[in-house]
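Down below is the structure, laid out as structure tokens.
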Amino acid sequence: MVVNCGVLFSPILSPTFDLMEGKQLAFDKKWLLWLLLACIPWVQWHTLADPTQLTRLLLYQLFCLPLLYISFTQRHHIQQLPHPLWSALLLLWVAFYAWSLQQAHNPHEAYYTLSKIGVYAIGVWLLSLLYINKLLSFKPIAVAIAIASALSFALLLLELIDVQQQGTQLWHQKNLYVLHTAFGHKNLYSSFQLLCLPFVGILLVGANKQIKVLGSLFILLVLASIVLMQTKAVLAGMALSFFICVGMYRITQSTHSTWMWRVVFGLFILAAGFLFVIKQHPEWFTVLLSGDTAKERLLLWKNSYLMWLENPWFGVGAGNWQIYFPKYGLGNFMQTNYLVSDGYTTFQRPHNDIIWAACETGILGALVYLLILVLPIYWGYTTIKQQGKKAHIQWLIIFTLIAYVFVALVDFPLERAEHQLVWALLAAFLVPSKSLQTGFKRIILFIPFAILMGSMYYTFQRFPNEV
């Protein structure tokens, strides 16, 4: 059967509206992109070793295909490119992982990791390109991600009911770790919901009273679920980000509205109530109050530091951290997990994406990745200083991206394609542009096309091994 690609992708080609201008949108003309985003929690294949990891990488790749198609067919509308520094950093990010192949002890794992980083980089670059040239809009994306957030919450609720009916007392000892959620782990659920929060918040800006009430109730339910999951990284990241954003607000705004202090006071009351509940019922918060995960991370980072000292400039190769890790000793893990110290199980990542990049690609690769995380926050801050109180979207995105950086310093969202996809949707919106002196040349799209095809090739190669 021959499929006409023009017919397949034609529903997503018409130019979309600019959210800041408030023009009306025909959502039915964008069904393919919105459907891929809304279905993120449902994309699983339970016969694979990890039901979500490879399948959602494929979802990311499928999402990039129409982005490339739009860029190619609508190239006459492209008058600006993403900031040259952004393009250079993304290219360097891929280049450092490609260079690390020379050091890799396991080349197959290295090529697979490179294929993931490659598709992450082209995804955020294509989104930046389309946002800048108004070929892609933020509001329909926000609707799709809000649906994905609601589905994630609903699936968690169903799992909680099912596990409770089986007699498991989830909030006693460390039974919360039996939850798989739609992301394989309770902490991954929390970090995904963190990335989704600004999309839900954006939909409430300018909405009618009923929508605002329902949306606010949903946000409170999601926040409550994150608290109940006792994900310390996300809770600490949100708290840190909130105080940083309050500081930014005081610096950037010449007149300070009373709403900010109302928000601060309200959150203070909620935090005080939460601490009171913890004090009264500490047995419900065993996971939150336990220090085992902190000890385990410190041990992981110590071994990772020794690994980096031996390979400071070029690392041990993409995807090869887990192979080299046991070399630096496992005995100390008896303090937290005897299965690790006795060699029955091992770690796949060091629970710190920057350290992970430093070990596998060297110090320069880690610095490039750190800049990729931080630069959108800086660009969003400069936009806020220019737009003032009108920059509602930028405030919501900056809050989330700051919290995400903290999560990346103590966890492993870089491994998860759905996290990288939603992060790219946020970060790309803040990237500034540079006007083209001449027309857009389609040869520019050859690099992302080649990377995407290579990434899909290694993904399909990986499927039989995962089964």
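This one's a predicted model, so the numbers in the text were calculated from it and none came from an experiment.
- Annotation: side-chain hydrogen bond (donor to acceptor under 3.5 Å, both in side chains) contacts of Ser433 (sequence neighbours excluded): Gln80.
- Residues Glu310 and Lys327 are paired through a salt bridge, judged by an N-O separation under 4.0 Å between the basic side chain and the carboxylate.
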Cut-off 3.5 Å, no hydrogens considered: what does the side-chain donor-acceptor table look like for residues 192-200, sequence neighbours left out?
from   : atom 1 : to     : atom 2 : distance (Å)
Gln193 : OE1    : Ser149 : OG     : 2.5
Gln193 : NE2    : Ser149 : O      : 3.1
Gln193 : NE2    : Tyr189 : OH     : 3.3

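- For His180, the ring pair (Phe, Tyr, Trp, His ring centres under 6.0 Å) criterion is met by no residue, not counting sequence neighbours.
- Formation of a donor-acceptor pair under 3.5 Å by the Tyr131 side chain with backbone atoms of Leu425 is found in this model.
- In this structure, His351 and Phe412 have perpendicular ring planes: the angle between them is above 60°, well past the 30° mark.
- Annotation: ring pair (Phe, Tyr, Trp, His ring centres under 6.0 Å) contacts involving residues 443-462, sequence neighbours excluded, comprise Tyr111-Tyr458.
- Inter-residue side-chain proximity for Phe183 and Arg56 is flagged as met; some heavy-atom pair is nearer than 4.5 Å.
- Considering only heavy atoms from C-beta on, Trp379 stays 4.5 Å or farther from Phe429 through its side chain.
- When the shell of 6.0 Å around CZ of Phe243 is examined, it contains 12 or fewer heavy atoms from other residues, nucleotides or ligands.
- Using cut-offs of 30° and 60° for the angle between ring planes, the Phe153 and Phe218 rings count as perpendicular.
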Between side-chain atoms of residues 365-375 and protein atoms elsewhere (two or more places apart, or another chain), which donor-acceptor pairs fall under 3.5 Å?
none

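- Here the OH-CG distance, from Tyr60 to Leu421, works out to 5.5 Å after rounding to the nearest 0.5 Å.
- With sequence neighbours left out, the salt bridge (charged side-chain N to carboxylate O under 4.0 Å, His left out) criterion links Glu159 to no other residue.
- Other residues, nucleotides and ligands place no more than 12 heavy atoms under 6.0 Å from the CH2 atom of Trp45.
- Residues passing the side-chain hydrogen bond (donor to acceptor under 3.5 Å, both in side chains) test with Lys434, sequence neighbours excluded: none.
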Donor-acceptor contacts under 3.5 Å from residues 120-129 side chains, at least two apart:
from   : atom 1 : to     : atom 2 : distance (Å)
Tyr120 : OH     : Leu414 : O      : 3.3
Trp125 : NE1    : Ser87  : OG     : 2.9
Ser128 : OG     : Trp86  : NE1    : 3.3
Ser128 : OG     : Val124 : O      : 2.7

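- Under the 3.5 Å distance criterion, the side-chain polar atoms of Gln420 are matched with a main-chain donor or acceptor of Pro413.
- Applying the side-chain hydrogen bond (donor to acceptor under 3.5 Å, both in side chains) rule to Asn320 yields no partners; only residues at least two apart in sequence or on another chain are considered.
- The ring pair (Phe, Tyr, Trp, His ring centres under 6.0 Å) test applied to Tyr328 returns no partner, not counting sequence neighbours.
- Remark: Tyr324 pairs with no residue by the ring pair (Phe, Tyr, Trp, His ring centres under 6.0 Å) rule, at least two apart or across chains.
- Residues meeting the salt bridge (charged side-chain N to carboxylate O under 4.0 Å, His left out) test with Glu109, sequence neighbours left out: Arg462.
- Each of His46, Glu418, Arg416 was evaluated against Thr52; a single residue qualifies, Arg416, per the side chain to side chain donor-acceptor pair (under 3.5 Å) test.
- With Asn311 contributing its side chain and Gly362 its backbone, the two residues share no donor-acceptor pair below 3.5 Å.
- Both tests pass for Arg75 against the ring of Phe72: distance under 6.0 Å to the centre and angle within 45° of the axis.
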